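These notes concern the structure reproduced below.
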4 protein chains.
Amino acid sequence: MSKARPPTGSRRNPRVSEAILDAAREILTERGAAGFSMEAVAQRAGAGKPTIYRWWPTRADLLMDVYEREKLVSVVPAQSDDPNDDLLRYTVNLWQFWSTHTAGQAFRGLIAEAQSSPAAMTALRDRFLPPRLSTIREMLGRILSQASAEEIDLRARLWLGFSWQALLQDQILMEEVDIGRAIAIITCPSGA
Amino acid sequence: MSKARPPTGSRRNPRVSEAILDAAREILTERGAAGFSMEAVAQRAGAGKPTIYRWWPTRADLLMDVYEREKLVSVVPAQSDDPNDDLLRYTVNLWQFWSTHTAGQAFRGLIAEAQSSPAAMTALRDRFLPPRLSTIREMLGRILSQASAEEIDLRARLWLGFSWQALLQDQILMEEVDIGRAIAIITCPSGA
Amino acid sequence: MSKARPPTGSRRNPRVSEAILDAAREILTERGAAGFSMEAVAQRAGAGKPTIYRWWPTRADLLMDVYEREKLVSVVPAQSDDPNDDLLRYTVNLWQFWSTHTAGQAFRGLIAEAQSSPAAMTALRDRFLPPRLSTIREMLGRILSQASAEEIDLRARLWLGFSWQALLQDQILMEEVDIGRAIAIITCPSGA
Amino acid sequence: MSKARPPTGSRRNPRVSEAILDAAREILTERGAAGFSMEAVAQRAGAGKPTIYRWWPTRADLLMDVYEREKLVSVVPAQSDDPNDDLLRYTVNLWQFWSTHTAGQAFRGLIAEAQSSPAAMTALRDRFLPPRLSTIREMLGRILSQASAEEIDLRARLWLGFSWQALLQDQILMEEVDIGRAIAIITCPSGA
DNA sequence: GGGTAAACGAGACGGTACGTCCAGTCTTTCA
DNA sequence: TGAAAGACTGGACGTACCGTCTCGTTTACCC
């Protein structure tokens, strides 16, 4: 599986990073989070393990990077004049993205890793999630324009949890209608 | 109707099961999900690995059993005349249970395991969660007495996801007020 | 694989011994010395391991017993008026016996066992071999009527070694002619 | 028991092989073939099991290697002008070698292993024995200069068997006189 | 334009854990 | 009371990865 690659000498070789990320992606797609090991990635990429560890010190780093690259391709928050629909579209796209691409497996692996590795937990909480939560908060803010930051944050967590429980139970195949109703609930106007 | 002859031979030794579950509990408490290995449990329990595998064929089985036994001790759904408060109490107790006992680590380990082991995923989804979701549905049903089963189920998932995201981010330390507000949101009356 | 068997309570049940020996024989035949374990025998016989250990305290005992029972069937030293031919016949029969029956595997297992178990070594040397060596000595004595006991014993060992090295190398398929020539050599008249 | 050893990186570290072979030798000497396990060798050598399996895929490989290294030290066929005496000397030396060194245990372990492992049998028959049988054939050839190859081969097997039966019965303590007489018999001139 | 430094493939290495098999012993049940 | 059978501890099996380390090779940059 090792592709012939001309060495670049003393500068970082971008082909190598590419090969490694490709390999990681392929393994996640073919064998899921279970088959994902640094060993397997190195093997498939035709790279040495130290090379991987040099650029991605932990498994979490690699998983996050794979996820990011996939993300670029598809999920982008829209900004129409119906913010409610924007959030629905975004959510539906995200679930789609998780179910049809490598990303779902990468994310599942990342969350699993975080349960046993403090470093991965930190990376997840402090690096990976914040920008994503921001996006959600921003969308929710457009819907509930008068709500406090705490209120928004709480609803963002509800949204996050709803998506996670579906992913982590391998139940991300859900009718758009149902997702819409869930969105409706977590955006319901706060009790006076 | 011929009476089946009861099998002869030694009976399962309850002290052994106890020792194994105790060891598992202690390891989860002391070292968290990361340090939890069948090997370590066997070691600490002074038991042979085959003995463990005889009664708990997979890691998930053992984790679930540890969780169950802990559960008996503490979290029980109340049934007062304020169903809204019942749900809050239950949730607060559960988070408390997760944070102060072994249970949180066991559950985190179980969810992580399910991400890479199909058997664990099946066990989680088909054996572990159903009774718990039932409890939640029942409580939600008392609050939203006119809602359809699908509606209740959806809100149960929202509740589940909210709890999971907190647990899986190691953020189960939350003000009771906030939990209350989250509960309020997922029980908000469906838009007429 | 367990055959239904009425239990007999506090008297030894001959059916059990039979079942165990049968199982041992079958396993040796089907899987060779490699697959022969007390566990497997107990399993196949539908017996408990302690039952086996009660009557055959070591693996060697069981192997020897299996060998003995097979032996009754076939190899008997003849006693014609050509003692040289008697020995040849006996040897050829023995090799045949080893190659076509369970016995070869049992014997190989016994010798192997003796290399790591002092008890098995003792049993082999002091119980199993003596009667067999006697038979050989007796036959050799008829051929070399004037040789001393030491002389006979030495040649018996040569005969024994010749057969063993063939068995232990899985090379017991040898032309009768060659066996005959080997016999001729070890019975050659001692140098004057 | 692990001795500090500088790592050598991507080239095989000879100190490691040494440590492993030393450990294997020591265990054979101290505990005999019975106590010889890959686990114990790894433990004593301060090496990981995979390291052992990398270089010696089977137990037989390791036993053979231990045997070879010992051999270098002592048993070498002489070539005087009395070929008969050469063979005697060689045999006596070999038995001595088996009885006073680690080698006897290694060889016994190897033969035992071959009875239950086809791979070990192959290694024994196709790799280990041939050079040794050649030596013997060569010596016998010098004694019986007119004998055919088949004749020599047969007598080589007699010699081999004689040595084996002594080793495998733990009876390698034999008077040199007796060994001499056995040699005399298997080198007796073939009947006209 | 020759020497140095970094990146890289390769893979050895000590470890930990896996899940399984077997040896022997202990305990319980039943005739 | 003693035979039978299942449960048990414990040790070894052979394998998969972990993360670290050291090699030797190949450029790219700097003096």
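Proteins come first, then strands; the chains are lettered A, B, ... in the order of their sequence lines, and each starts at number 1. No experiment lies behind these values; they were computed from the predicted model shown.
Listed pair C:Thr51 / F:dA3 fails the phosphate criterion, with no side-chain N or O lying under 4.0 Å from OP1 or OP2. Distances shown here put a side-chain N or O of C:Arg59 below 4.0 Å from the OP1 or OP2 atom of E:dA23. Dashed line: the shortest gap from a side-chain N or O of C:Trp55 to OP1 or OP2 of F:dA3 is not under 4.0 Å.
At a threshold of 4.0 angstrom between heavy atoms, the contacts of A:Arg54 include nucleobase atoms, whether or not backbone atoms are also involved. Across all strands shown, B:Arg15 has no heavy atoms under 4.0 Å from either base or sugar-phosphate atoms.
Rounding to whole angstrom units, OH of residue D:Tyr53 and C1' of F:dC17 are separated by 17 Å. Remark: C1' of F:dT25 and CZ of D:Arg11 are 11 Å apart, rounded to the nearest angstrom. Atom CZ of C:Arg44 is separated from atom C1' of E:dC21 by 17 Å (rounded to the nearest Å). Look at CD on A:Glu18: it is 16 Å from C1' on E:dC8, rounded to the nearest Å. The CD1-C1' distance, from A:Ile52 to E:dA7, rounds to 14 Å in whole Å. The CD1 atom of D:Ile27 sits 13 Å away from the C1' atom of F:dA12 (whole-angstrom rounding). Distance, C:Gln43 CD to E:dT20 C1': 14 Å, rounded to whole Å. B:Glu39 places its CD atom 13 Å from the P atom of F:dG10, with the value rounded to the nearest Å.
Here the options are C:Glu113, C:Arg59, C:Glu30, C:Arg31, the test is side chain to side chain contact (heavy atoms under 4.5 Å, CB included), and the partner is C:Phe36; only C:Arg59 passes.
Judged by distance alone with a 3.5 Å cut-off, no donor-acceptor contact links the side chain of C:Lys49 to the base of F:dA5.
Comparing B:Ser17 and D:Glu113 by the nucleotide of DNA chain F whose heavy atom lies nearest to each, the residue mapping closer to the 5' end is B:Ser17. Each of A:Asn13 and C:Ala40 was assigned the nucleotide of DNA chain E with the nearest heavy atom; the assignment lying further toward the 5' end belongs to A:Asn13. If A:Phe36 and C:Gly48 are placed on DNA chain F by their nearest nucleotide, the residue sitting closer to the 5' end is C:Gly48.
Checking F:dA16, E:dC21, F:dA7 against the side-chain heavy atoms of B:Pro50 singles out E:dC21 as nearest. Checking E:dC13, E:dA23, F:dC8 against the side-chain heavy atoms of B:Val16 singles out F:dC8 as nearest. Proximity note for D:Ala47 (side chain, C-beta onward) versus E:dT20, E:dA7, E:dG14: the nearest is E:dG14.
A tilted orientation is assigned to the rings of D:Phe128 and D:Phe107, their planes being inclined by 30° to 60°.
When atom types are taken as modelled, the side chain of B:Thr29 and the backbone of B:Arg25 share a donor-acceptor pair closer than 3.5 angstrom.
With rounding to the nearest 0.5 Å, the separation of OG1 in B:Thr102 from CD in B:Glu70 is 4.5 Å.
Annotation: cation-pi pair D:Arg12/D:Trp56 present, NZ/CZ under 6.0 Å from the ring centroid and within 45° of its normal.
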